[in-house]
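This one's a predicted model, so the numbers in the text were calculated from it and none came from an experiment.
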Amino acid sequence: MNRTATALVDTHCPYCSLQCGMRLGAAASGPSPVEIVERPDFPVNRGALCGKGHSAAAVLAPGVRLTAPLVRDTKDGPLREADWDEALDRAASAMARTGARHGRNAVGVFGGGGLTNEKAYLLGKFARVALRTANIDYNGRFCMSSAAAAHRNAFGLDRGLPFPLADVARTGCLVLVGSNLADTMPPAVRHIRELRDNGGTLVVVDPRRTRTADLADLHLAPAPGTDLALALGLLHLVVAGGHVDEDFVASRTTGWEAARTAATAHWPERVEAITGVPVADMRRAVELFTAAGSGMVLTARGPEQQSKGVDTVGAWINLCLATGRAGRPFSGYGCLTGQGNGQGGREHGQKADQLPGYRSITDPAARAHVAEVWGVDPADLPGPGVSAYELLDSLGTEGGVRTLLLMGSNPVVSAPNARHVTSRIAALDTLIVCDVVLSETAALADVVLPSAQWAEETGTMTNLEGRVILRRAAVPPAGRARTDLRILRGLAGRLGHEKGFPADPEEVFTELRAASAGGQADYSGIDYARIEAEDGVFWPCPAGVGGGGAQGPAGVGGAVHPGTPRLFLDRFATPDGRARFADVSHRPAGEEPDAEYPLYLTTGRVLAQYQSGAQTRRTPELNRAAPGSFVELHPRLAARLGVAEGERLTLTSRRGRATAPARITAAIRPDTVFMPFHWPGEGRANSLTHDALDPQSRMPEFKVCAVRAEKAPPAGTGTAATTAGTVPVEAAR
Ligand SMILES: Nc1nc2c(c(=O)[nH]1)N[C@H]1C(S)=C(S)[C@@H](COP(=O)(O)OP(=O)(O)OC[C@H]3O[C@@H](n4cnc5c(=O)[nH]c(N)nc54)[C@H](O)[C@@H]3O)O[C@H]1N2
Ligand SMILES: Nc1nc2c(c(=O)[nH]1)N[C@H]1C(S)=C(S)[C@@H](COP(=O)(O)OP(=O)(O)OC[C@H]3O[C@@H](n4cnc5c(=O)[nH]c(N)nc54)[C@H](O)[C@@H]3O)O[C@H]1N2
Ligand code: SF4
Ligand SMILES: [Mo]
């Protein structure tokens with residue numbers, strides 16, 4: 001098949017939630033069929049791409065990606081190539097067998113926030129209609145579920161940013177809490193530079209002085225897991241300083257009295273003792289935030305990936321509400337979503353408790369609506385299943401999931417307490433993985449189905465702004481790879497559902513529009529042509545009144561809904577239109593340092609690697625920039641441990657060990673060490689992390705656990721810590 005792109009195709013990056021616009025042309029040479037060129041017109045990135053976006057074409061090369069289905073004949077045998085019929089037959093019969101033997105909920109589905117809306121939608125439908133299992137969840141639970149829950153608690157609606165990203169440049173003061181966007185969303189930095197040019201100020205809250213913190217007027221460095229106390233302390237100072245916007249609180253909110261009382265109990269000296277942030281810095285932060293007429297607080301994974309992430313985000317929202325910095329132009333709270341489709345991926349049904357259109361699976365009216373679109377009896381739709389970590393924790397157990405279909409995640413590297421998760425995966429009767437590459441998790445599968453990716457297929461994504469955008473196929477899938485939609489159709493057909501699983505993305509999108517119509521995330525007024533014409537459309541966007549309905553072309557015959565770039569300006573999405581304060585108080589992390597494990601471990605990302613690294617560790621240019629794991633630590637701690645720059649350090653937690661070279665920097669608190677989580681093997685950060693979950697969002701506490709550190713012998717001396725159960729990339733290729 002000819003894999004040369006003929007015309008220039010406008011599309012978006014395969015990686016993070018900015019979904020930077022880019023243009024694909026035919027590659028003049030090299031293993032990849034396409035070349036990435038600049039697309040200056042897309043408003044989010046205005047032509048800029050980070051190194052990951054620039055180098056994304058590398059993963060299209062046939063030598064890098066999977067090109068044929070693989071199966072394993074015995075549990076311990078090797079993977080071998082198979083034809084599609086054999087691979088799909090095996091996968092479908094394993095699902096049917098497990099369902100018949102152990103009940104429908106013993107078949108599980110685990111999705112990903114990188115999947116297109118069409119894939120996420122069809123995967124949810126596949127679980128509920130073809131498998132009829134309750135047990136579907138996805139890696140977005142690891143990503144921003146705490147912010148999602150806090151959003152819904154406060155505003156009645158969950159969309160990452162309630163305004164376009166470019167609005168950031170026009171606020172008075174931006175507070176970034178636990179976001180290192182200079183590394184994780186580099187093109188966003190230009191909006192921050194513009195903010196500074198416009199006279200706005202930036203406050204960054206991060207236990208490390210990151211490249212993002214270097215851009216700030218003020219950097220607060222709380223101990224990991226103490227943001228809740230910090231936000232309450234700031235609110236205390238807002239009250240004490242007379243900065244409460246009484247009119248706003250009275251006319252547009254509820255619950256202020258309880259929130260104020262909780263803040264009163266978090267006086268500044270108490271908060272300094274908990275967080276380590278000096279009272280003077282807290283005062284300065286409040287001054288900056290209240291000085292201008294507008295302000296924004298944006299959170300990312302720092303405060304969210306905590307066992308109290310929902311309460312923590314709630315406390316930051318309280319700060320916005322008390323000061324009237326919400327529901328007004330260039331003010332508000334937002335969450336910087338993470339994965340390419342972290343937003344849309346959770347709106348259309350891969351989350352355990354949700355149906356398409358951000359509907360609740362326990363709401364009878366929602367069930368009736370979606371069941372009608374799907375042509376099934378509402379009573380046949382399963383109820384809510386368990387959350388991502390709980391699903392992984394149940395694998396292979398009595399009453400748990402015995403056969404798992406995994407699409408778009410690599411939990412061997414990215415799940416908390418990964419040694420345990422890897423052993424649970426090994427206990428499955430059957431693991432079926434759809435992936436682009438042979439990830440560490442795919443390497444453990446019984447059936448591996450090679451999926452089309454990004455430039456090889458068409459589909460929509462919803463970026464961090466709630467902007468629905470379109471990726472267009474530029475080349476056919478490499479080798480025998482197939483789109484995930486086609487894979488789902490193949491599996492559904494074998495499970496007796498010949499109809500209802502179209503493989504054409506536009507057809508799936510049309511059905512998604514109907515399923516979402518009337519829901520909170522209403523896409524019914526959006527279609528592919530409109531997205532292309534308008535550089536994306538912001539949801540909610542209901543179909544035109546009196547038009548062809550959700551099934552017809554968007555808006556035909558009625559007023560065309562313009563989409564909703566800015567939410568909440570008139571009212572919040574709660575029943576009474578008012579935002580709700582959260583009644584929250586500080587509490588410790590699930591695991592705090594003690595005599596045996598005296599240090600905080602926190603984890604996160606580096607610029608040149610993406611997530612579990614499945615894609616970016618296969619990109620030579622990125623591996624040169626970020627070749628492996630490391631442990632960041634303060635010079636004082638390094639001196640105490642007797643470790644020099646580049647020497648190997650072993651971290652031990654109650655769950656496992658990890659070893660990586662020391663990177664010594666005064667930019668981190670002396671009581672805290674940091675590891676990026678992109679690598680498997682002995683440098684795997686998630687061998688250490690804690691599986692404490694937030695009680696409401698079920699988000700794991702990736703950002704806080706307790707470890708001890710010891711200097712390790714040089715590599716190759718045979719006594720270094722090893723990590724059982726992982727497959728090095730080389731071996732897995
Ligand atoms: N290069 C790169 N970019 C990415 C990704 C990637 O893997 N690599 N992944 C994408 C995805 S899915 C996501 S979710 C986003 C994540 O984007 P970010 O949230 O920006 O990334 P992280 O590095 O996980 O965490 C951000 C910061 O939180 C800080 N932090 C740690 N503990 C705490 C704490 O207790 N409180 C506070 N306030 N801060 C804390 C860390 O020091 C870190 O600098 O990035 C997206 N973009
Ligand atoms: N310690 C620690 N751990 C963390 C975090 C942290 O901050 N610290 N962050 C967490 C967060 S925020 C996230 S989002 C998770 C992410 O971690 P993962 O869920 O592992 O995400 P990825 O590494 O992006 O894995 C996506 C997989 O899907 C494949 N893929 C890509 N596109 C497609 C497609 O279209 N179809 C199919 N079938 N497959 C595709 C990729 O090749 C890859 O193997 O990690 C979490 N883990
Ligand atoms: S910032 Fe995100 S979307 Fe933009 S090029 Fe980099 S990885 Fe891609
Ligand atoms: Mo994420």
Side-chain angles (χ1 to χ4, degrees), residues 12-17 19 52 56 59-60 65-66 69 91 108-127 131 135-145 337-352 354 387-389 391-392 401 404-415 421 425 431-445 447-463 471 477 481-489 491 505 508 610-618 678:
H12 297 268
C13 176
Y15 299 120
C16 87
S17 61
Q19 282 302 290
K52 298 183 297 300
V59 189
L60 294 168
R65 70 163 346 287
L66 287 166
V109 176
F110 197 99
L115 302 178
T116 61
N117 288 316
E118 291 79 355
K119 294 180 186 194
Y121 170 81
L122 210 65
L123 190 64
K125 181 177 180 183
F126 177 77
L131 297 174
N135 285 323
I136 172 168
D137 209 52
Y138 79 124
N139 67 7
R141 192 71 77 164
F142 296 168
C143 186
M144 41 175 309
S145 54
T337 68
Q339 301 180 78
N341 199 25
Q343 184 65 46
R346 72 170 178 274
E347 295 163 4
H348 300 299
Q350 20 166 18
K351 205 171 176 184
Q354 275 173 213
S387 75
Y389 183 78
L391 196 159
L392 295 173
V401 165
L404 179 70
L405 172 67
L406 181 79
M407 184 180 277
S409 182
N410 184 15
V412 164
V413 179
S414 60
V421 165
I425 289 173
L431 174 64
I432 303 149
V433 175
C434 304
D435 205 306
V436 172
V437 296
L438 195 64
S439 71
E440 286 71 18
T441 311
L444 304 179
V447 181
V448 180
L449 304 173
S451 301
Q453 55 173 323
W454 169 58
E456 299 170 336
E457 61 182 357
T458 294
T460 63
M461 308 281 285
T462 306
N463 81 347
R471 290 182 183 163
R482 284 186 183 174
T483 66
D484 290 311
L485 297 180
R486 214 176 141 197
I487 291 172
L488 289 173
R489 188 182 62 179
L491 292 172
V508 177
Y610 189 70
Q611 312 277 63
S612 73
Q615 292 151 289
T616 50
R617 281 186 281 110
R618 290 178 165 79
H678 310 291

Kindly say whether His348 contributes a backbone atom to a donor-acceptor pair with the side chain of Gln354 at under 3.5 angstrom?
-> no
Side chain His678, main chain Gln611, donor-acceptor under 3.5 Å | yes
State plainly whether the residues Glu457 and Arg486 are in salt-bridge range, i.e. N to O under 4.0 Å.
-> no
To the nearest 0.5 Å, tell me how far Cys16 SG sits from Lys52 NZ.
-> 6.5 Å
Scanning both residues in full, the closest heavy-atom pair of Tyr610 with Gly340 reads OH-N, 3.8 Å
Do you know which two heavy atoms are closest between Ala445 and Val448, and how far apart they sit?
-> CB-CG2, 3.8 Å
Closest non-hydrogen contact found for Ile487 with Pro450 is CD1-O, 4.1 Å
Output the distance between atom CG (Asp484) and atom OG1 (Thr116), rounded to the nearest 0.5 Å.
-> 7.5 Å
To the nearest 0.5 Å, atom NZ of Lys119 lies from atom OG1 of Thr483 at 7.0 Å
Can you name the closest pair of heavy atoms from Cys13 and Trp454 and give their distance?
-> C-NE1, 4.0 Å
Residue set satisfying side-chain contact (heavy atoms from CB on, under 4.5 Å) with Ser17, at least two apart, ordered chain then number -> Met185, Thr337, Leu464
Can you see which heavy atom on Asn139 is nearest to which on Gly408, and at what distance?
-> ND2-O, 3.5 Å
Would you please name every residue forming a salt bridge (charged side-chain N to carboxylate O under 4.0 Å, His left out) with Lys351, sequence neighbours left out?
-> none
Any Met407 side-chain heavy atom under 4.5 Å of Gln350 side chain = no
From Gln453, Glu456, His12, residue fulfilling side chain to side chain contact (heavy atoms under 4.5 Å, CB included) relative to Arg471 | His12
Would you find a donor on one side and an acceptor on the other, under 3.5 Å apart, between the side chain of Arg65 and the backbone of Ser451?
-> yes
Measure the CG-CG distance between Leu449 and Leu405 for me, rounded to the nearest 0.5 Å.
-> 8.0 Å
Any donor-acceptor N/O pair, Gln339 side chain to Tyr15 backbone, under 3.5 Å | no
Output all residues satisfying salt bridge (charged side-chain N to carboxylate O under 4.0 Å, His left out) with Asp435, sequence neighbours left out; order by chain, then residue number.
-> none
Any side-chain heavy-atom pair from Ile425 and Pro411 closer than 4.5 angstrom?
-> yes
Spacing of Leu123 atom CG and Ile136 atom CD1 [to the nearest 0.5 Å] | 4.5 Å
For the residue pair Ala481 and Ala452, what are the closest heavy atoms and their distance?
-> CB-N, 4.4 Å
Can you check whether Val412's main-chain N or O pairs, donor with acceptor, with Thr441's side chain at less than 3.5 Å?
-> yes
Report the distance from atom CG of Asp137 to atom CZ of Phe110, rounding to the nearest 0.5 Å.
-> 7.0 Å
Do any N or O atoms from the side chain of Gln19 and from the backbone of Thr462 form a donor-acceptor pair under 3.5 angstrom?
-> no
Asn341 side-chain N/O to Gly344 backbone N/O, donor-acceptor pair under 3.5 Å | yes
